Amino acid sequence: MATKEDGRLPKIASSIRVIPDFPKPGIMFQDITTLLLDTEAFKDTIDIFVERYKGKDISLVAGVEARGFIFGPPIALAGAKFVPMRKPKKLPGKVISEEYSLEYGTDKIEMHVGAVEPGERAIIIDDLIATGGTLSAAIRLLERVGVKIVECACVIELPELKGREKLGETPLFILVTSDAA
């Protein structure tokens with residue numbers, strides 16, 4: 001399991017490119033595509049998550065659109081099903097949704113009805129936590145249908161945006177903390 005002293009973490013952190021002023025001025029974009037190009041760093045990222053949840057009776061990995069879809073399926077291959085948490089009107093079947101607030105307005109996250117069963121144990125994965133709105137909506141959606149959230153997990157946290165605070169009592173596991181807002 002990764003700890004602050006895990007020798008893999010510096011390599012993971014250094015493989016994430018920061019793009020200033022993208023997508024708009026003042027934003028320091030955390031670009032994980034460079035992590036994905038580094039096969040060793042990408043494998044280490046997946047391995048750390050798999051090691052963390054081994055033996056914790058995880059039955060599902062919920063991946064938040066879109067980059068949670070990159071990290072979630074390889075983690076789920078260790079013994080859980082993968083459930084995509086999508087933006088509205090992206091899933092073809094009957095869905096259940098949860099609304100969350102944005103800076104200017106609202107959005108929703110959806111999953112297929114019947115994708116999960118009450119009593120299942122889940123982790124929710126995404127690449128980054130900023131304000132916490134999407135992850136908190138995913139928590140509410142899964143809990144509403146009786147799923148036990150073991151933990152949320154992200155590759156990167158932007159702590160100055162205080163997203164962790166929106167998760168309530170749900171633990172959050174992070175690999176890299178960034179000071180770039």
Side-chain angles (χ1 to χ4, degrees), residues 1-85 103 109 121-139 142 149-181:
M1 183 179 318
T3 63
K4 297 266 187 224
E5 298 80 35
D6 190 312
R8 300 172 289 185
L9 293 176
K11 171 95 169 136
I12 293 167
S14 68
S15 71
I16 298 166
R17 175 174 53 178
V18 178
I19 310 282
D21 299 319
F22 183 83
K24 61 185 183 180
I27 302 293
M28 299 294 285
F29 185 79
Q30 305 293 307
D31 181 15
I32 61 152
T33 62
T34 49
L35 167 68
L36 303 175
L37 294 171
D38 183 330
T39 56
E40 181 182 347
F42 184 38
K43 181 180 183 316
D44 286 345
T45 299
I46 299 304
D47 288 349
I48 289 169
F49 287 127
V50 168
E51 291 162 14
R52 180 164 181 86
Y53 301 112
K54 186 176 183 175
K56 293 196 176 174
D57 197 29
I58 303 298
S59 56
L60 75 95
V61 176
V64 177
E65 186 168 341
R67 290 173 296 273
F69 296 178
I70 295 168
F71 297 100
I75 296 165
L77 287 174
K81 64 184 175 184
F82 177 74
V83 176
M85 309 288 286
E103 189 176 354
I109 191 165
R121 292 173 50 84
I123 60 169
I124 302 171
I125 185 90
D126 204 354
D127 69 321
L128 180 139
I129 180 168
T131 64
T134 310
L135 279 178
S136 64
I139 291 167
L142 288 166
I149 310 302
V150 174
E151 193 164 67
C152 290
C154 296
V155 178
I156 306 162
E157 179 181 20
L158 303 178
E160 64 278 0
L161 297 179
K162 301 182 181 348
R164 183 182 290 263
E165 295 174 8
K166 285 193 180 167
L167 305 185
E169 299 296 314
T170 303
L172 175 65
F173 178 65
I174 297 296
L175 299 185
V176 176
T177 300
S178 175
D179 58 1

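What's counted below: heavy atoms across the whole structure, side chains too, no hydrogens, waters or symmetry copies. Computed from a predicted model, the values in this text were never measured in an experiment.
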Next on the checklist: Going by the rule side chain to side chain contact (heavy atoms under 4.5 Å, CB included), which residues pair with E65 if we only count those two or more places apart in sequence or in a different chain?
Outcome noted: F69, R86, K87, K90
Checklist entry - At their closest point, which heavy atom of I12 faces which heavy atom of S15, and how far apart are they? => result O-OG, 2.7 Å
Checklist entry - Would a distance-only check, ignoring hydrogens and angles, find a side-chain to backbone donor-acceptor pair under 3.5 Å from S59 to R121? => result yes
Checklist entry - Would you call E157 and K162 a salt bridge, using N to O less than 4.0 angstrom? => result no
Checklist entry - If we only count heavy atoms from C-beta on, is the I32 to I70 side-chain gap below 4.5 Å? => result yes
Checklist entry - Is any side-chain heavy atom of Q30 less than 4.5 Å from a side-chain heavy atom of V155? => result no
Checklist entry - Would you say the side chain of I58 lies within less than 4.5 Å of the side chain of V150, judging by non-hydrogen atoms? => result yes
Item to check | E151/R52 ion pair, N-O < 4.0 Å | outcome: yes
Item to check | Side-chain donor or acceptor of T177 paired with backbone N/O of I174 under 3.5 Å | outcome: no
Checklist entry - Are the side chains of I27 and F22 in touch, meaning some heavy atoms are under 4.5 Å apart? => result no
Item to check | Audit row: L142, M85, side-chain contact (heavy atoms from CB on, under 4.5 Å) steps and yes/no | outcome: CA-CA 10 Å; L142 288 166; M85 309 288 286; 4.2 Å; yes
Item to check | Closest approach of A153 to F49 (non-hydrogen atoms, all atoms of both residues) | outcome: CB-CE2, 3.6 Å
Listing, residues 123-139 side-chain donor-acceptor contacts under 3.5 Å, not counting sequence neighbours, or none:
unit_1 : atom_1 : unit_2 : atom_2 : d
D126   : OD1    : G68    : N      : 3.4
D127   : OD2    : R67    : NE     : 2.6
S136   : OG     : G132   : O      : 3.0
S136   : OG     : G133   : O      : 3.0
S136   : OG     : R140   : NH1    : 3.4

Checklist outcome for this item: Taken in chain and number order and not counting sequence neighbours, the residues that satisfy side chain to side chain donor-acceptor pair (under 3.5 Å) with K54 are none
Checklist entry - Between I48 and F173, is any pair of side-chain heavy atoms under 4.5 Å apart? => result yes
Checklist entry - Is L175 close to I156 at the side-chain level, that is, under 4.5 Å between some pair of heavy atoms? => result no
Checklist entry - Can you find a heavy atom in the side chain of I16 that is under 4.5 Å from one in the side chain of D31? => result no
Next on the checklist: With a 4.5 Å cut-off on side-chain heavy atoms, are K81 and V61 touching?
Outcome noted: no
